[in-house]
Amino acid sequence: MTEHSTEVVLYEGQGPVAVVTMNRPEYRNAQNSAMTYALDRAFYRAAEDPEVKVVVLRGAGPHFSAGHDIGTPGRDAHLPFERRASLWWDHSARQGAESRFARESEVYLGMCRRWRELPKPLLASVHGACVAGGLMLAWVCDLIVASEDAFFADPVVRMGIPGVEYFAHPWVLPPRIAKEFLYTGDRMTAQRAYELAMVNRLVPRADLHAATMALAARIAEMPAMGLALTKRAVNQAEDLQGLHSGLDSVFGLHHLAHAHNAETAKDSLGGMDAASMKAAAQRPAEQPVREQRAGN
């Protein structure tokens, strides 16, 4: 077993399985640009290694990922990084919508599209929070194994923004459920996500890693070329159902919302920050009203 560490991502090879771990547990694995590019390097490493047949993505600490970094000391959205996923120019030298669109075309939409096309099965091992940008990481994975304590949310409508940049909501959820998920910003339990087929397997927290690795090992028994072609076949079917063009379309709406906020509110996030988003998320959700059957 070998392990390679960067500041924010760990890479561990376990036979035919590469385990990639987001490693900012003190910030609930909030994704800054440094983490995004470290994840990209880790996925490239796994893709290039002929011994690796399956990749597992997980988070260190009590949560998978609380989303994009909008307020930690390591926030680095203003810094330049080597372009890897798009041909847009360096955002750090531009201003306003031009800067935001260039950066998010690269580190959010562009990176997620690249990772979705990794020609090896990619499994998400999700526990605790999987929120906003965390959803994007889970959704580009081929399978999701979740612990019973996991929860999912995309609360960015509170910012006046129609969902995260990789807008796969109507493909991973039925449209009316996707609308409720976005309209309320409420947390979806792992059990509910499993019932809706967004999650493949649901296991106790203590069993999460073992269950994920067992599934990865089972998949690794298949021939690598067969896995790569099967993944491509299913991804192409999703794209024929409108996923690729849908992502482009909503990405434009996403940036219209950022620009509107910048003109009418405190900032491009509608004046929301990490603390206010967390406070809003902790408000108890409305419980569904269940009809009583006659005789009950």
Side-chain angles (χ1 to χ4, degrees), residues 3-12 14 17-36 38-39 42-43 55-76 115 122-141 143-156 158 164 166 172 181 185-194 198-216 272-285:
E3 185 173 286
H4 171 70
S5 172
T6 70
E7 289 185 356
V8 290
V9 169
L10 302 176
Y11 184 105
E12 184 180 0
Q14 296 189 21
V17 181
V19 179
V20 177
T21 305
M22 294 176 282
N23 192 38
R24 299 185 77 205
E26 67 275 28
Y27 302 118
R28 301 197 300 167
N29 294 317
Q31 305 153 30
N32 58 6
S33 293
M35 174 181 280
T36 302
L39 284 171
F43 291 143
V55 183
V56 169
L57 174 64
R58 64 178 184 173
H63 299 285
F64 178 74
S65 176
H68 300 324
D69 186 344
I70 61 172
T72 82
R75 189 171 189 230
D76 54 9
W115 300 339
L122 178 57
L123 278 59
S125 183
V126 177
H127 67 291
C130 182
V131 176
L135 283 174
M136 292 167 50
L137 296 183
W139 285 348
V140 299
C141 295
L143 305 179
I144 300 175
V145 182
S147 63
E148 293 168 342
D149 70 328
F151 62 88
F152 305 85
D154 187 0
V156 302
R158 293 193 185 104
V164 288
Y166 185 85
V172 299
F181 186 62
D186 289 342
R187 295 176 175 181
M188 178 182 289
T189 65
Q191 177 64 41
R192 179 63 169 153
Y194 178 74
M198 190 175 86
V199 164
N200 295 85
R201 299 191 180 183
L202 185 63
V203 299
R205 175 71 182 87
D207 300 337
L208 177 62
H209 185 61
T212 306
M213 294 302 290
L215 179 58
M272 300 293 285
D273 57 19
S276 59
M277 292 292 283
K278 182 178 179 180
Q282 290 174 335
R283 193 177 62 234

Full working for side-chain hydrogen bond (donor to acceptor under 3.5 Å, both in side chains) between Q31 and S65: CA-CA 8 Å; Q31 305 153 30; S65 176; 3.0 Å; yes
Go through the steps to decide whether F151 and V131 satisfy the test side-chain contact (heavy atoms from CB on, under 4.5 Å), and finish with yes or no. CA-CA 8 Å; F151 62 88; V131 176; 3.9 Å; yes
Heavy-atom pair of closest approach, residues [X] and [Y]:
| X | Y | result |
| --- | --- | --- |
| N32 | D76 | CB-OD1, 3.3 Å |
| T36 | W115 | O-CZ2, 3.5 Å |
| V203 | V145 | CG2-CG1, 4.4 Å |
| L123 | T212 | CD2-O, 4.0 Å |
| D186 | A153 | O-CB, 4.0 Å |
| T21 | A60 | CG2-N, 3.6 Å |

Is there side-chain contact between [X] and [Y], with heavy atoms separated by less than 4.5 Å?
| X | Y | result |
| --- | --- | --- |
| L39 | L137 | yes |
| V20 | V9 | yes |
| L215 | R201 | yes |

Taking the side chain from [X] and the backbone from [Y], do they hold a donor-acceptor pair closer than 3.5 Å?
| X | Y | answer |
| --- | --- | --- |
| N29 | F64 | yes |
| D154 | V164 | yes |
| D69 | G71 | yes |
| R58 | S125 | no |
| R187 | F152 | no |
| H127 | H209 | no |

Look at the rings of W139 and F181 and say which category their plane angle falls in: under 30° parallel, 30 to 60° tilted, over 60° perpendicular. tilted
Could you give all pairs that pass the salt bridge (Lys or Arg N to Asp or Glu O under 4.0 Å) test and reach residues 125-138, with sequence neighbours left out? none
Check against side-chain contact (heavy atoms from CB on, under 4.5 Å), Q191 and E148: CA-CA 7 Å; Q191 177 64 41; E148 293 168 342; over 6 Å; no
Just how far is it from atom [atom1] of [X] to atom [atom2] of [Y], taken to the nearest 0.5 Å?
| X | Y | atom1 | atom2 | answer |
| --- | --- | --- | --- | --- |
| D207 | L202 | CG | CG | 11.0 Å |
| L10 | N23 | CG | CG | 4.0 Å |
| F43 | L122 | CZ | CG | 5.0 Å |

V126/S147 under side-chain contact (heavy atoms from CB on, under 4.5 Å): CA gap, chis, key distance, verdict: CA-CA 6 Å; V126 177; S147 63; over 6 Å; no
Determine whether the side chains of T72 and R24 contain a donor N or O and an acceptor N or O closer than 3.5 Å. yes
